[in-house]
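Each ligand, and each atom within it, is numbered from 1 in the order the structure gives. Bear in mind that the values here come from a model prediction, so they are computed numbers and not experimental data. Side chains are part of it too, since the values below use all heavy atoms of this structure and drop only hydrogens, waters and symmetry mates.
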Amino acid sequence: MKVTLPVIIKGTGSYAPEGVLTNDDFASYLDTTDEWIMQRTGIKTRHKAGEGESTSTIAAKAARRAIENAGMEPGDIDLIILCTASPDVPIPSTSCILQSELGISGVPCFDIAAACSGLIYGMVVGGNMISSGAYNNVLVVGAEVLTRFCDYEDRTTCILFGDGAGAVVLSRSPDPERGFLYTHLGADGDKWDYIWVPAGGSREPASTRTVNERLHFVRMRGRDVYKMAVVKMQNLIDTALTECGITADDLTMIFSHQSNRRIIESVRERLNLPEDKMAVNIDEFGNTSAASIGLALDHVRRRNRLKEGDLVLFAAFGAGVTWGAIVARL
Ligand code: UT7
C-alpha cells in the first residue's frame, strides 16, 4: 500500500447554524410525520441558517476552526477551494467572499460544484495541487445553505436538506507512510437532471414565471437516486478496498456522504462492520451535501477517536451525478 498523494489532513473545523428544524415542524403544516421521516431517512433534525448567514459566512466559521486546529494562521493558507451547490451568488465564486472574510487577499481561490461529492473532489484537487509542488497549505471547505433552495411545500425534498460547513487544511506529508493511498473521482452527466434546480441559471433565467412555478428550488427523482446511491456507494468502497489491497477491518472509520441512513446502513451491513466504524450524523444534520463528510470528520477527530497512522475511507455520491472516494493514512 503506497502513498500516491503525499498529503495529510493537518486540521479540521466545522460549523452548523444555531437554528434547528424538527420533523414535527414539518408535520405541523405538511402531510408527513416524524415516524415517516425517521423510518425512511434517519433524520431527526436539520440546522437552518438564520438572517445574515449564508454559505460564505458559515464556511468562514468552519475554516477559521480548521486553520486554528492545524496550528496555523489564515496567512499560512496559500490556496482556497470552496465546495458548494448553494453559492452565495452566481457571480463571483463564493470562495472569493470566503477569502475576503478570512482577510487573505491575494490567495487564489475557486469553487467546486460537485454537490454531495464536493469535499472529496476538493480534497483530491487540493491534494494534487500540493503534490505538484505549487502549494503548501490548501484550505478545502464544503459548505451549504440548502434550506434556501428547498421548496417548503414539497414534502419529498424539504425534509431532507440542512445547512452546515466542514473544513480541512491539507498540507504536505512529513512522513512517506502517511498520505492519500487511493483517490477516485467520477461522474455520469447523462443523469444531470436527477437532482437539479431548474431555474435561475442561463438555461432558464429568473423571471416572474419561474418564481411563480417554484423553479428555483431543488427537484429530485428520489427513488431513482436512492437505488443508484446504494449500488454506487457499495461499488466505490469495494473498489477502493481492492485497489489498496486491504479489507474493511483495516479501516478505523468510514466517512460516507449522509443522504439517507438506510444507504449508510446498507453499506455497513454489506461490509459487516460494527456500528461505530461508520460515521453517522444524518440524524442531527440531515443531508448537508458537500458539508456532510467534513462535519462528520471534524466531530470524530475532536472526540479523539482518530490518531496518526489510522486508515480511513471517504466516499460520496450526489447530484451530477458525481462520485468520489479517498483512502487516507492519517
Ligand atoms: O445527497 C444526494 C443524494 N440523495 C440521495 O441519495 C437521496 C436518495 N433518496 C432517498 O433518500 C429516498 O428516495 C427518499 C427519502 C427521498 C424517499 O424515500 P422512499 O422510500 O424512496 O420513498 P418514495 O419516494 O418511494 O415515496 C414513497 C411514498 C410516496 O407516496 P405514494 O406514491 O406511495 O403514495 C411519497 O409520496 O412516500 C411518500 N412521501 C412521503 N410521505 C410522508 C414522500 N415524502 C414523504 C414525506 N412524508 N416527507
Side-chain angles (χ1 to χ4, degrees), residues 21-47 83-86 112-121 142-147 149-164 166 186-189 191-197 217-237 255-268 278-283 285-296 314-325:
L21 284 174
T22 66
N23 293 344
D24 285 335
D25 290 333
F26 291 104
S28 71
Y29 76 98
L30 272 178
D31 183 13
T32 192
T33 59
D34 174 44
E35 195 189 4
W36 191 96
I37 300 172
M38 270 302 290
Q39 260 178 17
R40 300 289 182 120
T41 71
I43 301 169
K44 287 185 194 149
T45 58
R46 64 293 283 146
H47 291 249
C83 315
T84 189
S86 47
I112 286 184
C116 307
S117 316
L119 195 79
I120 301 214
Y121 266 66
E144 304 282 10
V145 177
L146 281 166
T147 57
F149 293 82
C150 282
D151 183 347
Y152 282 93
E153 290 176 14
D154 176 7
R155 67 175 183 173
T156 67
T157 51
C158 71
I159 51 124
L160 298 171
F161 297 103
D163 303 335
D188 178 3
K191 302 188 173 60
W192 64 269
D193 60 351
Y194 277 41
I195 310 174
W196 69 312
V197 176
F217 297 126
V218 172
R219 305 255 171 115
M220 181 169 73
R221 288 165 55 174
R223 190 108 283 262
D224 292 330
V225 177
Y226 180 89
K227 282 192 261 175
M228 252 191 302
V230 170
V231 174
K232 195 73 207 174
M233 290 301 285
Q234 290 178 351
N235 288 347
L236 267 179
I237 294 173
F255 295 89
S256 73
H257 170 53
Q258 313 277 307
S259 54
N260 188 315
R261 179 137 201 168
R262 287 185 290 150
I263 298 175
I264 302 168
E265 276 301 300
S266 77
V267 169
R268 190 181 69 75
M278 290 287 292
V280 178
N281 66 12
I282 189 160
D283 50 342
F285 297 101
N287 182 344
T288 56
S289 190
S292 76
I293 288 177
L295 273 162
F314 304 100
F317 172 85
V321 291
T322 58
W323 57 83

Novice: Does any donor atom in the side chain of E144 or T288 lie under 3.5 Å from an acceptor atom in the other side chain?
Specialist: no
Novice: Checking R221 side chain against Y194 main chain: does a donor-acceptor pair fall under 3.5 Å?
Specialist: no
Novice: According to the interplanar angle, ranging from 0 to 90°, do the rings of W192 and W196 count as parallel (below 30°), tilted (30 to 60°) or perpendicular (above 60°)?
Specialist: perpendicular
Novice: State whether the side chain of T41 and the backbone N or O of M38 hold a donor-acceptor pair below 3.5 Å, judged by distance alone.
Specialist: no
Novice: Going by an N to O cut-off under 4.0 Å, is there a salt bridge joining E265 and R262?
Specialist: no
Novice: Can you give me a line-by-line list of nitrogen or oxygen pairs between ligand 1 and the protein shorter than 3.5 Å?
Specialist:
| residue | atom | partner | partner atom | Å |
| --- | --- | --- | --- | --- |
| ligand 1 | 1 (O) | H257 | NE2 | 3.0 |
| ligand 1 | 1 (O) | N287 | ND2 | 2.6 |
| ligand 1 | 6 (O) | S259 | OG | 3.2 |
| ligand 1 | 9 (N) | G222 | O | 3.1 |
| ligand 1 | 11 (O) | N260 | ND2 | 2.7 |
| ligand 1 | 13 (O) | G222 | O | 3.1 |
| ligand 1 | 20 (O) | R40 | NH1 | 2.8 |
| ligand 1 | 20 (O) | R223 | NH2 | 3.1 |
| ligand 1 | 20 (O) | R262 | NH2 | 3.1 |
| ligand 1 | 21 (O) | R223 | NE | 2.8 |
| ligand 1 | 21 (O) | R223 | NH2 | 3.0 |
| ligand 1 | 22 (O) | R40 | NH1 | 3.4 |
| ligand 1 | 25 (O) | R223 | NE | 3.0 |
| ligand 1 | 36 (O) | R155 | NH2 | 2.9 |
| ligand 1 | 41 (N) | W36 | NE1 | 3.4 |
| ligand 1 | 41 (N) | R155 | NH1 | 3.4 |
| ligand 1 | 47 (N) | T32 | OG1 | 2.6 |
| ligand 1 | 48 (N) | T32 | OG1 | 3.1 |
| ligand 1 | 48 (N) | R155 | O | 3.0 |

Novice: Return the set of residues passing side chain to side chain donor-acceptor pair (under 3.5 Å) with Q234 (not counting sequence neighbours), or none when no residue passes.
Specialist: none
